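Both ligands and their constituent atoms are indexed starting at 1 by order of listing. Computed from a predicted structure; not experimentally measured.
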Amino acid sequence: MTRTESAPFTTVTALPGASPIKYVYDFAEGNRDLADLLGGKGAGLAEMSGLGFPVPPGFTITTEACRYYLRHGADPDELAGEIAAHLNRLETHMGRGLGQSDDPLLLSVRSGARYSMPGMMETVLDIGITDRSVQGLAAQVGSEEFAFDSYRRLLQMFGRTVLGINERLFADVLDAAHARSGANLSGADLREVVLAFKQIVLDETGREFPQEPREQLQMAIRAVFESWHTERATLYRRREGISDDLGTAVNVMAMVFGNAGAGSGTGVAFTRNPASGQTGLYGDYLPDAQGEDVVSGTRNALPISELKVLDPSVYDQLLHYTDVLEHHYRDLCDIEFTVERGKLWMLQTRVGKRTPAAAFRIACQLVDEQVIDLDEALRRVSGHDLAHLMFPQFKPGPGSVRLTTGVNASPGAAVGTVVFDSATAVRRAAAGEDVILVRRETTPDDLSGIVAAVGILTTRGGKTAHAAVVARGMGKPCVCGAEELIVEENPSRLRAGETLIEEGQEISIDGTTGAVYLGRVAVEPPPVVDYFEGRLDPAATDVDDVVLSVHRLVVHADSRRRLGVRANADTGPDAARARRYGAEGVGLCRTEHMFLGERRTFVERLVLANSKAEQNSVLAELLPLQRADFVDIFTAMDEATVTVRLLDPPLHEFLPDRTTLAVRVALARAAGEVDEYDVQLLAALDRLREVNPMLGLRGVRLGFAIPGLFAMQTRAVAEAALEVRRLGMHVRAEIMVPLVATVAELEITRRELVGVIAEVAAAAGERLELPIGTMIELPRAALTAHEIANSADFFSLGTNDLTQTTWGFSRDDVESAFFPEYLRAGVLDSSPFETLDRVGVGRLIRIAVDEGKQEHPLLQIGVCGEHGGDPDSIHFFHDVGIDYVSCSPFRIPVARLEAGRAALSTASASDSR
Ligand code: PEP
Ligand code: MG
């Protein structure tokens, strides 16, 4: 049977009645630059057609047509005519009519959005089979089994996707047929299955399965349009940050058959290993199978290398085409292909998704192969990738019980409780539990469970199975095809030989090695962390390729970035770690952590003090302790700047819980043993009680409420600076005043601090300069930055409080209270506490930066809120002219990398202008 011919489909010239907006493109008309319009798949097909690859002829209906349909609930007027014209041309080219009664042309109808959404939208194959054409197909192929199997596939896919019929109804009929006749159904069996399937359609929809092929086509196209809005597709987009407005293209293509018996098959391949980055063709091949059989994971595929044995000539062609594609796209590509009786057909290509480790490795390989330069390599990795490589990994000990080893489908270590369905995964995860979703195989409907889980384990399917593809895209650990394990139903449990694992029991899965363990396995730092800690030398010969690639790209990022990177560190060891990770200073040393633990009693005594003299004596006791804290940090940072922030949080954070204390006092009273200290403390707690502590007595306001507190802290900084200087080090300390709203607060505080510094310097007979700056973390401070800049040596943007006060969102409550609902409803794309809200908070930041620098051109401006370590926010900070970001030590490498990438994107934006 020759389903299609290899001659390229001739280019379309103006079609009769073509509209000004063109909704349909022949594969021969498009190219990869039209991905917005043709979707990723359509653009890839067009590009492969242009390269002269064997692509089955067809056409793409644009995303614009989909958007029109979704907006108006109807096709654009011109669409039917354009599709008809393209279909006629396709029929002429093929020499066969769609669904004609002898030798029918059959079509596949596939979704294809701008950004890949694997398995999330619909596909319908075998369009064109009817009661009449199935006979012609059987006669043409000489196989009734093949023809009726194709018909039942059409009924099943069309029934589920287009008509919305419960899949189970079809599956039950098929299961019953297999139970009667065994694994291989005869033509007669399949005829009966087809009859039963048609009856299901009639019963469920009240009408016959459409016998007009063009109607089938039209209905399938609309179903694909509508699948843009299914729950799983919407959830996937939200999760991946893909806009809901893009719509999908629809690709209509002449069918080729991988299920045409011996010499046929279907496969998925990557030009390099997308999990590890190792070079060489990589993928799965399933002989005598059609389209979705590989990705659904319902049948376990062979490694692609087996194709070399089965059909060396096809394998060589595949190698040739994948080689051309890699050079053409200058990146790892993935492809789908079908072999129909020894003839290779390329069905899809795109730049492939990969794991974080593979992203770094491949980027550097391509530099070494002189395909791209280091700047381009840096663009191809991300801070999110690097953060993943810094997650801990398993360290199995002698007591670890390994249940089995499956396919290492998506790397990383996950420990969690077993759940067997997505609904339970979502419910338990919402209650704060780490869950591992265990399934025989996953379907696209499992997306919510995959999102909720910390890891995924399946007993069927290979690395290209749906679960693996989706997990890799999300960077979640996944072990697939653990065939020794059995997922039992009623009751749901996992059987590993004699061991039975019930829902709620803990397991550990290692997506890097494929190992599955019973219970909790200990974790250890991964090699990338060893490298940043200085325990691994990148110049050593045996160093891991991924570590070396990270080293090369982070060093390159350093050479490109304009943004400085500092750390939020409160202790000497933290500061030392930050330094090892590449921090250029401490951008935020929160002194409140120095008042916790045993030192809480000092705060208690401060609030209980009855006189100024009593307060002063408490502060005097605190002074040497604070000084020692700062000596530690200044020593760890030596030359680098350390910004010490004066005490910020509401005092109740250091005091005992009121209820506990009240109970203690009441019990003591009842026992006639009144403790006067407790009584007074309770009275103080009542006096200090606030309805909104985060908007109350905190930050600079504490300096006014507890005279001498900030002076003591400043004295400790100044004396520590001199002490460390005497040890031969060069201290660059700065003092930062928190939560300033008006320049008056800063001016008054500053006057006091300047006096203290001068006093310390005079007493020591030395010169001492300690810049005094402020946090900008209230909208009023941002809006009056032009005034505040006159009294500040530097600004540091406290984006945590700035987000809290701009949105009126309590930073301690809202993320668990109602953000899940806001995210689900699409009010928010992400938490503004994680990724900076560029529009609102960002506008205040622009004002603060622009007006601050206008008033005081040398004013240094940093960011020390959590956003300072967030990859997406860092690009914004670069763009608005921030001087440095400051973040927790573990995020320093991520910030260095992203700051370098941000500099590149500015460079390319100005290059292209
Ligand atoms: C901030 O508000 O962004 C900040 C860094 O200060 P803190 O988180 O300590 O309030
Ligand atoms: Mg703050």
Side-chain angles (χ1 to χ4, degrees), residues 565-571 574 578 583 585-596 641-654 690 692-703 710 713 734-741 745-746 749 773-782 785 788 792 794-815 831-838 840-842 844-845 848-849 860-870 873-874 876-877 880 882-892 895:
V565 177
R566 299 187 191 174
N568 294 354
D570 311 336
T571 62
D574 265 4
V586 168
L588 173 63
C589 170
R590 289 180 166 103
T591 52
E592 52 264 32
H593 296 145
M594 301 164 182
F595 289 77
L596 296 174
T641 305
V642 178
T643 307
V644 176
R645 185 180 70 184
L646 302 176
L647 196 67
D648 175 49
L651 290 180
H652 75 89
E653 290 191 13
F654 306 98
E690 293 174 304
N692 291 317
M694 289 303 269
L695 300 178
L697 179 56
R698 55 170 293 215
V700 66
R701 303 158 201 176
L702 285 171
F710 286 176
Q713 290 197 289
E734 299 181 338
I735 292 178
M736 180 152 77
V737 183
L739 215 77
V740 160
E745 289 167 322
L746 184 61
T749 306
T774 181
M775 301 211 41
I776 300 288
E777 51 184 345
L778 293 174
R780 192 181 191 285
I788 295 177
F794 61 88
F795 282 175
S796 182
L797 291 150
T799 47
N800 304 332
D801 274 310
L802 193 56
T803 300
Q804 167 165 261
T805 48
T806 302
W807 282 86
F809 280 160
S810 160
R811 58 193 267 197
D812 300 310
D813 303 313
V814 291
E815 281 178 293
S831 162
F833 288 108
E834 273 171 34
T835 298
L836 192 92
D837 152 37
R838 295 177 181 219
V841 179
L844 287 169
I845 291 177
V849 173
Q860 283 284 297
I861 304 184
V863 172
C864 63
E866 281 306 295
H867 306 87
D870 172 64
S873 312
I874 287 170
F876 174 80
F877 298 138
V880 298
I882 295 283
D883 296 298
Y884 66 88
V885 291
S886 187
C887 56
S888 68
F890 267 106
R891 295 173 97 183
I892 298 285

Side chain or backbone of R645 under 4.0 Å from ligand 1, or both, or neither, by non-hydrogen atoms?
side chain
Heteroatom of D801 nearest to the Mg ion (ligand 2) (N, O or S, atom name)
OD2
C887 side chain near I892 side chain, heavy-atom distance below 4.5 Å:
yes
Numbering the atoms of ligand 1 from 1, which are under 4.0 Å from a heavy atom of C864?
5 (C)
Under 4.0 Å, heavy atoms only, figure out whether ligand 1 is touched by the backbone of L588, its side chain, both or neither.
side chain
Sub-4.0 Å heavy-atom approach of E866 to ligand 1:
no
With heavy-atom distances below 4.5 Å as the criterion, would you say the side chains of V740 and L778 are in contact?
no
Given R811, R590, E592, E777, which one has a non-hydrogen atom that is nearest to atom 10 (O) of ligand 1?
R811
If you define the side chain from C-beta out and look only at heavy atoms, does anything of L797 sit under 4.5 Å from F877?
no
Are R566 and D883 ion-paired here, with the side-chain N under 4.0 Å from a carboxylate O?
no
Residue D648, metal the Mg ion (ligand 2), N/O/S under 2.8 Å:
no
What residues, two or more places apart in sequence or in another chain, satisfy side chain to side chain contact (heavy atoms under 4.5 Å, CB included) together with S888?
R891
Atom name in E777, limited to N/O/S, at shortest distance from the Mg ion (ligand 2)
OE1
Would you call the rings of F833 and F809 parallel, tilted or perpendicular, where under 30° means parallel and over 60° means perpendicular?
tilted
Heavy-atom contacts under 4.0 Å between D648 and ligand 1: side chain, backbone, both, or neither?
side chain
Is it the case that the side chains of T591 and Q713 hold a donor-acceptor pair, with the cut-off being a distance below 3.5 Å and no angle test?
yes
Taking only heavy atoms of G865 into account, list the atoms of ligand 1 that are under 4.0 Å away from them.
3 (O), 5 (C)
Atom 3 (O) of ligand 1: which protein heavy atom is closest, and how many Å away?
N800 N, 2.7 Å
Tell me whether H867 reaches ligand 1 (any heavy atom closer than 4.0 angstrom to a ligand atom).
no
Is R590 paired with D648 through a side-chain N to carboxylate O contact shorter than 4.0 Å?
no
